[in-house]
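Please read the structure below before turning to the comments.
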Amino acid sequence: MQIDYASIEKKWKERWEQDGVYRVSHDDPRPKYYVLDMFPYPSGSGLHVGHPLGYIASDIVSRYKRMDGYNVLHPMGYDAFGLPAEQYAVQTGIHPAISTEDNINRYRNQLLNLGFSYDWSREVKTCDPRFYKWTQWIFLQLFHHYYDTERNTARPVAELIASFEANGTHGVHAAHSYEGTFDATTWQAMTPKEQDDVLMNYRLAYRKISYVNWCEALGTVLANDEVKDGVSERGGYPVERKAMLQWSLRITAYAERLLRDLDDLEWTDAMKTIQSNWIGRSEGAEVEFPVRGRDASIRVFTTRPDTIFGATFMVLAPEHPLVAEITTPDQQLEVRAYQEQAALRSERERIADVKEISGVFTGAFAVNPVTGRSIPVWAADYVLMDYGTGAIMAVPGDDTRDGAFARHFDLPIVEVIDRSAFPDAEVGDKVGTLQNSDFLNGMEIPEAIEATLRHIETQGLGVRTVQYKLRDAIYSRQRYWGEPIPILYDQDGVAHAMDVQELPHELPMLDDFQPSGTSSPLARLPEWVDAGNGMTRETDTMPGYAGSSWYFLRYMDPYSDDVFASPEAIAYWKDVDLYIGGTEHAVGHLMYSRFWHKFLYDKGLVPTVEPFRKLINQGMIQGVIEYLYMYKEKVDGYTKFLCARLAAQHPEELFARIPILVTVVENYGTPDSYLSTRSIEQLIAWRPEYEDAIFECSKGVYHRGTFTPRDGAAGSHLYTDSEVGKMGKRYHNAVNPDTVVAEYGADCFRMYEMFLGPIDQSKPWDTNNIDGVSRFIRRFWNLFHSDQDAWQVTENEPSGEELKILHGTIKRVREDIERYSFNTCVSHFMTATNELKKLGTTSRAILDPLVRLIAPFAPFISEALWEQLGGSGSVHLTDYPKFDASLLIESTITYPVCINGKKRTEADFTADASPADIEQVVLALEAVQKWIDGKTVRKVIVVPKRMINIVV
RNA sequence: GCCCACGUGGUGGAAUUGGUAGACACGCUAGGUUCAGGACCUAGUGCUCGUUUAGGGCGUGGAGGUUCGAGUCCUCUCGUGGGCACCA
């Protein structure tokens, strides 16, 4: 019995396309449901079996919801701007537009092969000018707005200008980068450039000189979430801190809302925790410490104002502007040397040297405002310029870092917390009572914090504040393949937004993509840079996250040229009901999208505060990685490989561990993976440069087609190292879904990926289990067909037992789809098929609903069977089966009756009475009378549907 | 170092959320069948005691606790994975 998957799939793919089965419109009376996949970056190596995992899950939900009466928006598109395409262009000279288009076409075909129910007419690409016109437009809206911290909403910059004209900064409550006050006359006296600079302090998209993550190798700056462990996330190149004039987005203005609104989202706790840690809210106070003998004061941020009596010195970040001002002449040289050294250190070195204590005394003293004592002011790089105020009051008695610093430089330490009642507590733990702290003595810490806050506020020493770790997002990229920033500069350097009519501001064609120093390749096009009228264009482009921060809105109305999406479409589709994608976007894409969405909400352009109501993070499908040990130096002029087990006896510096094509390895993925003589030949066929290489096995040496055994041993085992890790091109272990589909069919591939385990778990790709799913599909098919491939569905009345199996399965499958447990759904199908097979079911009344039930999982064979059943149109447009609860209730249920949890007997009860009924309990008591004779019944516990337990 | 999540057979994983642990599948064992293929069918399969049977004991990383009852809740501990990392 053979099922011709290929022709079934071809036929239905064409039919779906022709009939527009998955086309949707917002002009529809049904309730909407929006299922979104994180759109892929179309890389050169195509999809591997790991990519579709989330797409299969979202497709199942889409099909299920569609059959269950919803109007389902389920679109797909491409995140098409970005570094890899440009790096590829640098290497090959092929224009990114061309390679990207090729990659997109390959991706689309691969996705089509898997039978996804996307509305392909809504496909978007972020590199399409019709799309990025609106990316640029939203950027300009950010440019034209500031954040009103009193009304908690974005407001037009024009209103801010009006305020400045009338009252200067008086009465203005706006999120800003640095403090600065002025009055109306000062504002009116400013030059346009000076006014522009002031406005940049408030705009939500602004330009300023700031310390940024500069990556020399990539020739661009990177946002914080694009840097991991001091190296670039893409490519792993070193990143240094550099002061540059850059565009940024004021995401910090939304920090509080981004944090607070997490509560209402149906995201995993892990995801919410990552985001809230990234936002990093801490409550505390800013306190002023006057500098002795100078008209200056140092403002510090602290979360522990209660420890202020223990503040015995102060530390400023080396870049802190006050350092130069307060340093005494005799400390000048030393301080300047320290500042220079700190500036030169790369981010990576700084992280590596965390445990090294360094710092320098400025010679200046400040006054502790509560003790009135003079305390020395130091500069040290353990204080960061861009957190808090860039300065701290050091409390060596209750902070481990301050303590270490004090001991290292022999500074005074005052113990302000008495922790004697908590022997296990460590320095910095918020337990204990205050000591050596004047009016705070004897208080518990929370009480002392509150008392100190009141004190400093009434005395005018400082104010309560909230700090966030979240930083503004650097928005400029000095690269070619991205959206041009639609800004022009006049001769004075004042930034001017382009008009909406001038958008899209198209990316000009270029054939030299080589990065050049600190400016974009676009700067090499003088005729493009010159915008006429003495204006010049911004040459930086937008970062990778620009387009993806709002693409889900464009799907709602992908064609409009007048708006980013029509108000009608947005009013109907509202937000994403279910979003599926990987955890790797936790702090990048998902944070920026939420920020943009909130801004658009403030503008009244979207109806919801949050873009993604429910988020599921699919796990990664991992691959087996096989490594071979290669000598770093050539041996006698030859490349030499060594068996893993022999390599283990040698110092590891001798070798490079190189990943090789997994499929040439025998027993790959096991501890006994090895290369045989034959597989060495396959390896050479794959990498001809190793034709001359020497392979030293456990039992001899293989060289140029000849195996020379040692000590007369026969056979060669060149053991390799197996590991489970990422699937991808560089590990030579990527499995293309197309080949799996060609062998087993798309339905089998889909169900297999779901069957592997819970959607949110990572798991290795393991082809052993796929046969089990393939067998199931054949068994399922054979419920409908006899051994001779004859159609055997009858009009027989189904038996009660058959109906029970069917409705039990419908109930479980519906419930499990609703809780996104797709692996158990597949199990339910298997169980039902096994049971129905045993009963010899051929009844249409059972098999017809069964086909509809499985349709979201196996879209192709369900269409084929549906057609044979004589159903009209596509099975995916029929109703999803509903279960009849009455069929599931048994007329008599036998309950175990237990005494003290020990089962004693069983008793029959009728189903329509709840076992909780007194009558039932009496029945139970009678049933166990002989065991409870003479004992008092203390209580009777009725476990619904389970048992009756009598405690004596 | 701090925060979060997770530990169930030989393997992937179920367990209606405190109610018969191990569904479903892989693998394995035995038997059958086949144009001999990595196909198909049937039965068995947590560990252990018991000659087979009947039956018993032990079992969800470890140690305690709550409960008539714990894989599930609480405390401690060990292990794995992830996030953050001089954040004052």
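Within every chain, numbering begins at 1; the chains are lettered A, B, ... in the order of the sequence lines, protein sequences first and strands thereafter.
- Residue Lys726(A) contributes atom NZ, which lies 10 Å from atom P of rG82(B) at whole-angstrom precision.
- Residues Phe755(A) and Met830(A) are in side-chain contact: their nearest non-hydrogen atoms beyond the backbone lie under 4.5 Å apart.
- Summarising the geometry, the separation between NZ on Lys838(A) and P on rA43(B) is reported as 6 Å, rounded to the nearest angstrom.
- The OH-P distance, from Tyr387(A) to rA88(B), rounds to 4 Å in whole Å.
- With Trp267(A) as the aromatic partner, Arg594(A) meets the cation-pi criteria of under 6.0 angstrom to the ring centre and within 45 degrees of the ring axis.
- With P as the reference atom, rA15(B) and rA23(B) are 13 Å apart, rounded to whole Å.
- The partner of rA39(B), taking Watson-Crick or G-U wobble pairs whose two distances both stay under 3.5 Å, does not exist in any strand shown.
- The residues Glu835(A) and Lys837(A) are annotated as not salt-bridged, no charged nitrogen and carboxylate oxygen being separated by less than 4.0 angstrom.
- Nucleic acid contact class of Val383(A) (heavy atoms, under 4.0 Å, all strands): base.
- One can place CD1 of Ile274(A) at 17 Å from P of rG81(B), the figure rounded to the nearest angstrom.
- If you check every strand for non-hydrogen atoms under 4.0 Å, Phe776(A) touches nothing.
- Atom CD of Gln761(A) is separated from atom P of rG82(B) by 14 Å (rounded to the nearest Å).
- Straight-line distance between the C1' atoms of rA25(B) and rG9(B): roughly 14 Å, to the nearest whole Å.
- Atom name C1', nucleotides rU72(B) and rG7(B): the rounded distance is 13 Å, in whole Å.
- Residue Arg819(A) places its side chain closer to rA15(B) than to any other of rC3(B), rA15(B), rA14(B).
- Side chain of Asn823(A), nearest nucleotide from rC24(B), rG13(B), rC3(B): rG13(B).
- Here the separation of rG10(B) from rG46(B), taken at their P atoms, is 11 Å to the nearest Å.
- Residues Arg299(A) and Val287(A) are not in side-chain contact: their nearest non-hydrogen atoms beyond the backbone lie 4.5 Å or more apart.
- With both ends at atom C1', the span from rG27(B) to rG13(B) equals 14 Å, rounded to whole Å.
- With a glycosidic angle no more than 90° from 0, rG9(B) adopts the syn conformation.
- Of the candidate nucleotides rA15(B), rC86(B), rC84(B), rC86(B) has the atom nearest to the side chain of Asp381(A).
- Listed by chain and number, the residues in a side-chain contact (heavy atoms from CB on, under 4.5 Å) with Ser297(A) are Glu288(A) (sequence neighbours excluded).
- In this pair, Tyr382(A) and Phe405(A) present their aromatic rings tilted. The plane angle is within the 30 to 60° band.
- As judged by a 4.0 angstrom heavy-atom cut-off over every strand, Arg281(A) is placed among residues making no nucleic acid contact.
- Partner assigned to rC76(B) is rG62(B), using Watson-Crick or G-U wobble distances below 3.5 angstrom.
- Residue Ser762(A) places no side-chain N or O under 4.0 Å from the OP1 or OP2 atom of rG81(B).
- In terms of position along RNA chain B, the nucleotide closest to Ser821(A) lies nearer the 5' end than the nucleotide closest to the other residue of the pair Arg304(A) and Ser821(A).
- If you check every strand for non-hydrogen atoms under 4.0 Å, Pro758(A) touches sugar and phosphate atoms only.
- The aromatic rings of His585(A) and His589(A) sit perpendicular to each other, their planes meeting at more than 60°, with 30° as the lower class boundary.
- Applying the side-chain contact (heavy atoms from CB on, under 4.5 Å) test between Met314(A) and each of Thr362(A), Asn368(A), Ile375(A) identifies Ile375(A) as the sole match.
- Whole-Å rounding puts the Trp278(A) CH2 to rC2(B) P distance at 21 Å.
- Comparing atom distances between the Tyr382(A) side chain and each of rC86(B), rC3(B), rA14(B) picks out rC86(B) as nearest.
- A salt bridge links Glu256(A) with Arg281(A): the closest approach of a Lys/Arg side-chain nitrogen to an acidic carboxylate oxygen falls below 4.0 angstrom.
- Rounded to a whole Å, the CD1 atom of Ile770(A) is 21 Å from the P atom of rC24(B).
- When Watson-Crick and G-U wobble pairs are counted only if both distances are under 3.5 Å, rA15(B) pairs with no nucleotide at all.
- Here the separation of rA88(B) from rU80(B), taken at their C1' atoms, is 33 Å to the nearest Å.
- Side chain of Asn769(A), nearest nucleotide from rC24(B), rC26(B), rU42(B): rC26(B).
- Anti is the classification of rU42(B), since its glycosidic angle lies more than 90° from 0.
- Within the 4.5 Å cutoff, the side chain of Ile580(A) has no heavy atoms near those of the Met38(A) side chain.
- Listed nucleotides rA15(B), rA25(B), rA88(B) differ in distance to Thr302(A); the shortest reach to its side chain belongs to rA88(B).
- Between rA21(B) and rU60(B), the two C1' atoms lie 8 Å apart (nearest whole Å).
- Regarding Asn834(A), its CG atom lies at a distance of 7 Å from the P atom of rC24(B), rounded to whole Å.
- Base-pair partner of rU20(B): not found among the strands shown (Watson-Crick or G-U wobble, both distances under 3.5 Å).
- Using a 4.0 Å heavy-atom distance criterion, Thr583(A) is classed as making no nucleic acid contact.
- Where Phe301(A) and Glu815(A) meet RNA chain B, the nucleotide closest to each residue was compared, and Glu815(A) sits on the side nearer the 5' end.
- Nearest nucleotide to the side chain of Leu384(A), out of rC4(B), rA88(B), rA25(B): rA88(B).
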### Where protein sits on nucleotides 29-39 of chain B, one letter per nucleotide: B base, S sugar-phosphate only, - none, heavy atoms under 4.0 Å
-----------
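- Using a 4.5 Å cut-off on side-chain heavy atoms (C-beta onward), Lys763(A) and Met620(A) make no contact.
- Base pairing analysis places rG10(B) opposite rC26(B); the two distances defining the Watson-Crick or G-U wobble pair are each below 3.5 Å.
- The base-pairing partner of rU33(B), taking Watson-Crick or G-U wobble contacts with both distances under 3.5 Å, does not exist among the strands shown.
- rA70(B) and rA63(B) have their C1' atoms separated by 16 Å, given to the nearest Å.
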